[in-house]
There are 2 protein chains.
Amino acid sequence: MKFKSLERGPSLPQEIVASLTSALFAGELRPGDRLPSEQALATEFGVARTVVREAISQLKYDGIVQSRVGVGAFIAQPQERTAFRISPECFKKRKELLKLLRLRNGVVIEVAADAAQARSNRDIARMEAILKEMRDAIGDSDHGAERHFEAERQLIHAIAKVADNEHALNFIVMIDSQIAEKLRSVAVKNTKATELAAVAIEEQARLVEAIKRGDPVAAREKARKHYDNAAQRLADRADFADV
Amino acid sequence: MKFKSLERGPSLPQEIVASLTSALFAGELRPGDRLPSEQALATEFGVARTVVREAISQLKYDGIVQSRVGVGAFIAQPQERTAFRISPECFKKRKELLKLLRLRNGVVIEVAADAAQARSNRDIARMEAILKEMRDAIGDSDHGAERHFEAERQLIHAIAKVADNEHALNFIVMIDSQIAEKLRSVAVKNTKATELAAVAIEEQARLVEAIKRGDPVAAREKARKHYDNAAQRLADRADFADV
DNA sequence: ATTAATCGGGTTGTCAGACAGCCTGCGGGC
DNA sequence: GCCCGCAGGCTGTCTGACAACCCGATTAAT
């Protein structure tokens, strides 16, 4: 077997992980296959065995490989993975990003419904404060768009907190922060168009209102309306092109 | 700082990861804090530095800690995590499991809507075959419940495949296989009640029908109806108690 | 006295070698 | 033909070492 040689980048183990996972993705390594021994990999990559071990330990951590003492390391079945992780390249492609957005939206929508049943007065106050921040941001010609963008993220997080589902919150925070990393510039340009920002705020205000009323069905509907629209608005932008 | 001592369990590095993450969860380690040096951790845990390094490399892999050469390793901010992972303990608690189920359902519901727009004749055939397997399973008094359970999982996976969102598929497969691990026995008992199984099959048949019609709104509605009901049926079981 | 250069200790990242415990596969004895 | 034992290879762990790096303190220069 042959792996992409590595070029002293950020971290040796990380390079090896990348090399192995890409070999896996390319189908060169298939579930059930045995990896070369650590020694063999070490010499092939030109590194010490400790480095290879560190790389393999990460793959084990994700359930991508399983190792047996005295035998070797094996590629696990796909359904045995124990972590959900998105490779940084996914965020570079427009199509992938929109898919991730849909994934996130699905969770956010359900969480909004839960929030409508678990809300307290303090929760509502918090969300209304975020809405106010959005409205204030419109007037701020300098950093208004950035403030709006941040406020939108905070609203999502606030809703997830209200829903009292820490797994959903963790998931949303993780996926959202990574999306935000790549999307900030485009999204900021988007909200710079004041009429779009006003529409978005109005949508979110209705969502908060539904949560306030304790109406999960309406919360779900309003959440879907806003977050799907937001994704659509992003998708429609010509400058949000494939990279 | 004091960490839980470890007792030669499954894997030394894994124990250390568990010890560190539990310290993090308990609030003893907070974002921005510096970890003890690898040497210090090694002596404290009574292991070699390589073992500690392997543990820390896993935490780095998840974005939970970041290390700087010549300085040390630091707990990262929560929003810097790059992996979504559920600790095995979560699946032991009834409440946690239901939350995870809601998380999964949110994704499945959105994915069903996408599937309704992307379906092909072959996809429909596949899903109808799975439905047939469910109906056949009712007659099988020996392994019928197990067959039904597996078929339900396959239907979810099939829908995710149709929707052409590999991230959602990965997510669902991961969370579902872990839920299934803990839930199989209860779910199997559930579907043993034939009238419940018949209801569930009917619900899923309507979902498939909506996908076949290419009606995303209906698909969403039917999906929510079935999967929320399924979660409710599980929650209602008295023997699905806290462990 | 203030600033600049230097030095030393501590830390991570990597390397090399070693050994225990385990497993597989082969060959020899029955 | 079947079973036992052994050798070799593998993973898991340990030990010691060194380079590169960072920080703080001490020292030197202005």
Side-chain angles (χ1 to χ4, degrees), chain A residues 1 3-20 23-24 29 31-76 80 82, chain B residues 1 3-20 23-24 29 31-76 80 82:
Chain A
M1 196 166 334
F3 294 106
K4 288 187 193 70
S5 64
L6 34 86
E7 24 214 293
R8 288 272 162 183
S11 150
L12 261 10
Q14 218 50 41
E15 303 261 336
I16 294 180
V17 168
S19 188
L20 290 176
L24 179 66
L29 249 30
D33 286 358
R34 216 202 81 177
L35 258 62
S37 75
E38 295 174 355
Q39 198 63 257
L41 286 173
T43 60
E44 179 166 356
F45 283 117
V47 298
R49 189 160 77 102
T50 51
V51 176
V52 172
R53 274 193 67 74
E54 220 162 277
I56 291 183
S57 88
Q58 297 185 352
L59 297 177
K60 280 193 292 189
Y61 194 38
D62 279 5
I64 292 174
V65 315
Q66 291 171 345
S67 59
R68 284 159 49 197
V69 176
V71 184
F74 299 84
I75 307 288
E80 282 164 345
T82 127
Chain B
M1 196 165 338
F3 295 107
K4 287 188 192 70
S5 63
L6 33 85
E7 24 214 294
R8 287 272 161 185
S11 150
L12 261 9
Q14 217 51 41
E15 303 261 336
I16 294 180
V17 168
S19 189
L20 290 176
L24 179 65
L29 250 30
D33 287 357
R34 216 201 83 177
L35 257 61
S37 75
E38 296 175 353
Q39 200 65 256
L41 286 173
T43 59
E44 178 165 358
F45 283 118
V47 298
R49 206 184 128 211
T50 50
V51 175
V52 172
R53 275 193 66 74
E54 219 163 277
I56 291 182
S57 88
Q58 297 185 352
L59 297 177
K60 281 193 291 190
Y61 192 40
D62 279 5
I64 292 176
V65 315
Q66 291 171 346
S67 58
R68 285 160 48 199
V69 176
V71 184
F74 299 84
I75 306 289
E80 282 165 346
T82 139

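Below, chain A is the first sequence line, B the second, and so on; all start at residue 1.
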**Q** Just verifying a value: how many Å separate A:Lys60 NZ and B:Gln58 CD, rounded to the nearest 0.5 Å?
**A**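 Between A:Lys60 NZ and B:Gln58 CD, I get 8.0 Å after rounding to 0.5 Å.
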**Q** Base, sugar-phosphate, or nothing for B:Arg68, non-hydrogen atoms under 4.0 angstrom?
**A**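 Here B:Arg68 touches the backbone only, sparing every base.
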**Q** Rounded to whole angstrom units, what separation is found between the CD atom of B:Gln39 and the P atom of D:dT15?
**A**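 B:Gln39 atom CD is separated from D:dT15 atom P by 10 Å.
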**Q** Please list, chain by chain and in numerical order, all residues satisfying side chain to side chain donor-acceptor pair (under 3.5 Å) with A:Thr82, sequence neighbours excluded.
**A**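 Side chain to side chain donor-acceptor pair (under 3.5 Å) list for A:Thr82, sorted by chain: empty.
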**Q** When the distance from CD of A:Glu54 to C1' of C:dC15 is rounded to whole Å, what number comes out?
**A**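 Distance, rounded to whole Å: 13 Å.
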**Q** How far apart are the closest heavy atoms of B:Ala76 and B:Gly63, and which atoms are they?
**A**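 Minimum heavy-atom separation between B:Ala76 and B:Gly63: CB-O, 3.2 Å.
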**Q** Given side chains that start at C-beta, do those of A:Leu59 and A:Leu20 come closer than 4.5 Å, heavy atoms only?
**A**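 Yes. Closest side-chain heavy atoms under 4.5 Å.
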**Q** Taking all non-hydrogen atoms of both residues into account, name the closest pair between A:Pro13 and A:Ala55 and its distance.
**A**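 In terms of heavy atoms, the two residues are closest at O-CB, 3.6 Å.
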**Q** B:Leu12 CG to D:dT15 P: how many Å, rounded?
**A**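 Roughly 12 Å, once rounded to whole Å.
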**Q** Establish, with yes or no, whether the OP1 or OP2 oxygen of D:dG12 is under 4.0 angstrom from a side-chain nitrogen or oxygen of B:Ser11.
**A**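 No.
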**Q** Tell me, which of residues 56-63 of chain B have any heavy atom that sits under 4.0 Å from an atom in DNA chain C?
**A**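 Under 4.0 Å from DNA chain C: B:Lys60.
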**Q** Without decimals, in angstroms, what is the distance between A:Glu38 CD and C:dC15 P?
**A**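 So the two atoms are 14 Å apart, to the nearest Å.
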**Q** Please enumerate all protein N or O atoms sitting under 3.5 Å from an N or O of nucleotides 16-19 of chain C, with distances to 0.1 Å.
**A**
| unit_1 | atom_1 | unit_2 | atom_2 | d |
| --- | --- | --- | --- | --- |
| C:dA18 | N6 | A:Arg49 | NH2 | 3.3 |

**Q** Within this structure, what is the CD1-CD distance for the pair A:Ile75 and A:Gln66, rounded to the nearest 0.5 Å?
**A**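 Answer rounded to 0.5 Å: 10.0 Å.
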**Q** Look up atom OG in A:Ser57 and atom CD1 in B:Ile56, then write down how far apart they are to the nearest 0.5 Å.
**A**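 Here the interatomic distance stands at 11.5 Å.
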**Q** Atom CZ of A:Arg53 and atom P of D:dT13: how far apart are they, to the nearest Å?
**A**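 Checked: the CZ to P distance equals 7 Å.
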**Q** Take the protein atom CD of A:Glu15 and the nucleotide atom P of C:dT14, then report the distance between them rounded to whole Å.
**A**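 Roughly 10 Å, once rounded to whole Å.
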**Q** Once you round it to whole Å, what is the distance between C1' of C:dT14 and CZ of A:Phe45?
**A**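 To the nearest whole Å, that distance equals 16 Å.
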**Q** Just distance, no hydrogens or angles: give the donor-acceptor pairs under 3.5 Å from side chains in residues 45-54 of chain B, sequence neighbours left out.
**A**
| unit_1 | atom_1 | unit_2 | atom_2 | d |
| --- | --- | --- | --- | --- |
| B:Arg49 | NE | B:Glu38 | OE1 | 2.8 |
| B:Arg49 | NH2 | B:Glu38 | OE1 | 3.0 |
| B:Arg53 | NE | A:Glu54 | OE1 | 3.4 |
| B:Arg53 | NH1 | B:Glu38 | OE1 | 3.4 |
| B:Arg53 | NH1 | B:Glu38 | OE2 | 2.9 |
| B:Glu54 | OE1 | A:Arg53 | NE | 3.3 |

**Q** Could you give the CZ-to-C1' distance, from A:Phe74 to C:dC23, as a whole number of Å?
**A**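 So the CZ-C1' distance, A:Phe74 to C:dC23, works out to 10 Å.
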**Q** Side chains of B:Ser37 and B:Arg34, heavy atoms from C-beta outward: is any pair under 4.5 Å?
**A**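 Contact flag for B:Ser37/B:Arg34 side chains = yes.
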**Q** For nucleotides 3-9 of chain D, print each protein N/O atom paired with a nucleotide N/O atom at under 3.5 Å, atom names and distance only.
**A**
| unit_1 | atom_1 | unit_2 | atom_2 | d |
| --- | --- | --- | --- | --- |
| D:dG9 | N2 | A:Gly70 | O | 3.2 |

**Q** May I have all residue pairs that pass salt bridge (Lys or Arg N to Asp or Glu O under 4.0 Å) and include part of residues 62-74 of chain B, sequence neighbours excluded?
**A**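 Pairs touching residues 62-74 of chain B that pass the test: A:Arg85-B:Asp62, B:Asp62-B:Arg85.
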